[in-house]
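Below: one structure, written as structure tokens.
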Amino acid sequence: MFKNEEMEINLGPQHPSTHGVLRVKLRLDGETVTHCEPIIGYLHRGVEKICEDKTFFQGQVWTDRMDYVAAISNNLGWAESIEKLFGIEVPRRARYIRTMLTELNRISSHLLWLGTHALDIGAMTVFLYAFREREQILDLFEAFCGARLTTTAFRIGGLREDLPPGFLKQAQAFQDRFLACVDEYETLLTENRIWKKRTVGVAPISAEDCIAYGVTGPVLRAAGVAFDIRKAFPYAAYDEMEFDVPTATAADTYARYQVRVEEMRQSHRIVQQCIDKLPEGPVMAKLPKVLKSEVGEVYHAIEAPKGELGYYLVGEKGSGNPYRFHVRAPSFVNLQALPKMTEGKLLADVIAAIGTLDVVLGEVDR
Amino acid sequence: METLASLLHTSPATAWMAVKVLMAFGLIMGIAPPLTWAERRGSAMIQDRIGPNRAALFGKIRILGLVQALADGVKFFFKEDLVPPHANKRLFWLAPLLAFVPAMLGFAVIPMGRSFLSGGTEYHLSLLDPGNGMGMLFPMAVGAMAVYGILVAAWSSNNKWAILGGMRASAQMVSYEVGLSLAVIAIFMVTGGYDPHEIVKAQQGTFLGVLPNWYVFRQPFGFLVFFVCMFAEANRLPFDFAEGESEIVAGFHIEYGSMKFALIGLAEYGHILGASALITTMYLGGWGIPFVADHGQIPVIVTFLVFLTKVIALCLVFIWVRWTLPRFRYDQLMNLGWKKLLPISMANLLYFAYRMRG
């Protein structure tokens with residue numbers, strides 16, 4: 001154990017900065033990390049297997065519990081992959097509302113990331129500012145579907161109900177103050193010398209490595225690859241939205257910070273377009289009472305806040321539940337890059353790296 | 001003073017000593033708990049929260065949540081005092097004291113107000129009278145002792161996170177102490193002595209006609225170095241590596257609970273107070289009122305209040321910084337210490353040495 005004077009230490013599963021029950025086995029030479037091994041599975045509930053025993057309608061409830069800070073994104077992926085499997089056309093109004101809620105969810109997920117990431121690096125105040133705005137978004141979710149975190153927001157074929165009265169006004173109130181809030185976070189961090197010292201050049205991963213590991217989302221975009229599924233393979237109503245895909249080239253923690261902050265602004269822009277251009281019409285497609293699938297398989301990916309969230313579903317003839325269900329969870333795939341990003345660096349950088357990867361253990365373990 | 005002494009049947013010197021001990025000790029113990037309250041309420045204000053305001057005496061008296069400090073103390077007393085079985089018991093007991101005592105000792109030489117004459121004897125508002133031969137070197141020396149408390153706590157806990165915290169504390173300590181000392185030497189040099197009373201007197205009057213004659217204006221770079229190092233010495237964010245809550249959990253005091261934990265916490269506030277008092281004395285004119293050259297006619301109590309005001313204002317700066325800035329990485333403090341602070345304070349020293357030539 002103490003060969004070469006190295007110390008083996010378990011970072012987690014109970015640790016304030018591992019964002020859940022991630023355990024990272026570290027071998028330290030002084031404080032330099034010589035070996036880093038993420039150990040996962042502490043939150044494994046068998047979501048994929050459970051969903052194979054649930055009907056297509058029921059399965060969505062389980063997707064809430066994967067990336068629990070971005071439940072609506074998960075709901076969207078589930079609903080859309082089943083709609084793809086059955087060839088269901090979703091009404092335009094429903095697609096707009098879905099887009100709006102998903103983007104609000106992206107903002108709330110990024111806010112949580114920003115708060116906890118800053119907290120890990122020692123800037124404690126940003127956390128509460130970020131949560132103040134996140135609270136407002138959760139209030140919107142509550143107004144829409146009654147739940148704040150595990151939303152089960154959508155139904156296969158559209159939405160259960162239309163927006164409640166006053167929702168758009170409430171959403172607009174959020175929209176009106178949010179950009180100033182982003183500026184406020186930026187005044188605390190962006191040009192802060194200590195923040196820059198702790199993030200610039202820390203936990204780098206090149207575009208080649210990202211692609212080799214399958215890393216997606218803001219981490220990939222911060223390495224200079226402008227890959228965003230919302231642009232590359234538009235779903236929901238993204239083909240009708242105008243937005244930019246922010247990228248950076250530095251591929252370090254600071255670049256990822258910049259990308260995510262800019263993504264919040266872009267999401268704000270999309271939400272505004274959804275509010276302004278919200279079409280009239282039904283919110284639910286005509287569906288049979290029971291969905292019986294044909295033999296077939298479908299892979300549907302969406303751009304979740306963490307990266308490419310893919311649902312793979314296999315249908316069985318005459319069955320009301322999926323024969324096989326698999327999730328390509330961005331947190332799981334991104335987490336693989338942790339050793340690459342941290343080996344040879346300092347312990348404090350491991351904390352920064354876990355924060356910048358923005359993993360949610362519910363999604364890693366499923 | 002004579003009346004007090006005769007009432008207590010002691011010599012004036014003994015009575016005065018008792019008053020001073022009460023003052024120095026009472027100042028720390030009296031300010032530290034409200035300081036924890038100020039920290040919590042202050043951070044709440046900074047973070048757009050409300051902060052503790054529920055604790056109440058007899059269900060009525062809240063005093064803006066100040067009772068919370070009392071409630072915390074009572075809670076710590078009633079907690080189970082657990083010594084982990086894998087710890088070195090004696091050292092584990094000793095470490096909180098090693099952390100706490102140096103934090104208190106630093107106050108011994110700080111003058112808290114104007115010296116005054118009474119019955120032909122001169123009384124000084126510092127625990128140790130001037131001319132004790134230690135002067136400002138004493139708080140520097142005992143302040144540096146505090147690292148032993150951290151090291152012993154870390155080592156005796158027999159915990160890997162604690163060891164990391166202890167290692168950080170010792171590494172950090174070496175890197176800022178040198179710059180700190182050089183900054184202080186420049187002051188001693190200009191003052192012509194290292195007695196705190198002389199340093200305070202040297203800062204009375206005005207500088208360039210518009211500023212108080214404080215060393216903060218006369219030696220701004222020295223002040224910068226000293227100020228930064230005081231944050232490191234008090235183990236506060238942005239230099240709280242030994243604790244490093246989000247990195248090494250709680251670092252050196254991870255295994256501590258109950259009153260021992262409270263002592264370590266009090267030591268932190270003691271260090272903040274000590275650092276504030278040092279900065280006040282060295283750079284902000286001590287008990288001196290700005291622009292006033294002769295304090296002969298000013299009541300002693302006023303000078304004491306001036307001192308207290310400056311110290312508390314600085315404590316609030318410590319709190320403000322903690323809730324605003326992120327944490328450095330511990331190797332970055334070493335870089336900062338050796339590559340930035342040391343050259344700055346060296347240049348500062350050489351500049352004033354050059355100005356004082358022949």
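The shown structure was predicted, so the numbers you read here are calculated from the model rather than taken from an experiment. Residue numbering restarts at 1 for every chain, and letters A, B, ... go by the order of the sequence lines.
Only the side chain of Leu347(A) has a heavy atom closer than 4.5 Å to any heavy atom of chain B. For chain B, no part of Val126(A) is nearby; none of its heavy atoms comes within less than 4.5 Å.
Within a 6.0 Å sphere centred on OH of Tyr148(B), other residues, nucleotides and ligands contribute 12 heavy atoms or fewer. For CZ of Phe231(B), the number of neighbouring non-hydrogen atoms (other residues, nucleotides, ligands) closer than 6.0 Å is greater than 12. By the neighbour-count criterion of 12 heavy atoms within 6.0 Å, atom CE of Met346(B) is sparsely surrounded, having that number or fewer from other residues, nucleotides or ligands. By the 6.0 Å contact criterion, OH on Tyr68(A) is enclosed, its count of non-hydrogen atoms from other residues, nucleotides or ligands being greater than 12. In Leu179(A), the CG atom is crowded: over 12 heavy atoms of neighbouring residues, nucleotides or ligands sit closer than 6.0 Å. Within a 6.0 Å sphere centred on CZ of Arg49(B), heavy atoms belonging to other residues, nucleotides or ligands number more than 12.
The NE2 atom of His15(A) lies 4.0 Å from the CH2 atom of Trp161(B); values are rounded to the nearest 0.5 Å. Here the CD-CE distance, from Glu31(A) to Met167(B), works out to 5.5 Å after rounding to the nearest 0.5 Å. The CG atom of Leu11(A) lies 12.0 Å from the NZ atom of Lys160(B); values are rounded to the nearest 0.5 Å.
For residues 129-140 of chain A, the pairs satisfying salt bridge (charged side-chain N to carboxylate O under 4.0 Å, His left out) are Arg132(A)-Glu184(A), Arg132(A)-Asp48(B), Glu133(A)-Arg177(A), Glu135(A)-Arg148(A), Asp139(A)-Arg148(A), with sequence neighbours left out.
In terms of non-hydrogen atom pairs under 4.5 Å with chain B, the most contact-rich of Val350(A), Leu128(A), Leu188(A) is Leu128(A). The candidate from Ile121(A), Ile194(A), Ile351(A), Asn10(A) with the greatest count of non-hydrogen atom pairs under 4.5 Å with chain B is Ile194(A).
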Which atom pairs, donor and acceptor, lie under 3.5 Å between side-chain atoms of residues 311-326 of chain B and protein residues at least two apart or in another chain?
unit_1: Trp323(B); atom_1: NE1; unit_2: Glu39(B); atom_2: OE2; d: 2.8
unit_1: Thr324(B); atom_1: OG1; unit_2: Trp320(B); atom_2: O; d: 2.6

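Side-chain atoms of Lys197(A) do not come within 3.5 Å of backbone N or O of Gln332(B) as any donor-acceptor pair. Remark: side-chain polar atoms of Gln47(B) are paired, donor with acceptor, to backbone N or O of Met124(A) under 3.5 angstrom.
Taking every heavy atom of both residues into account, Ile46(B) and Tyr129(A) meet most closely at O-OH, 2.6 Å. When all heavy atoms are compared, the tightest approach of Asp120(A) to Arg327(B) is O-NH1, 3.7 Å.
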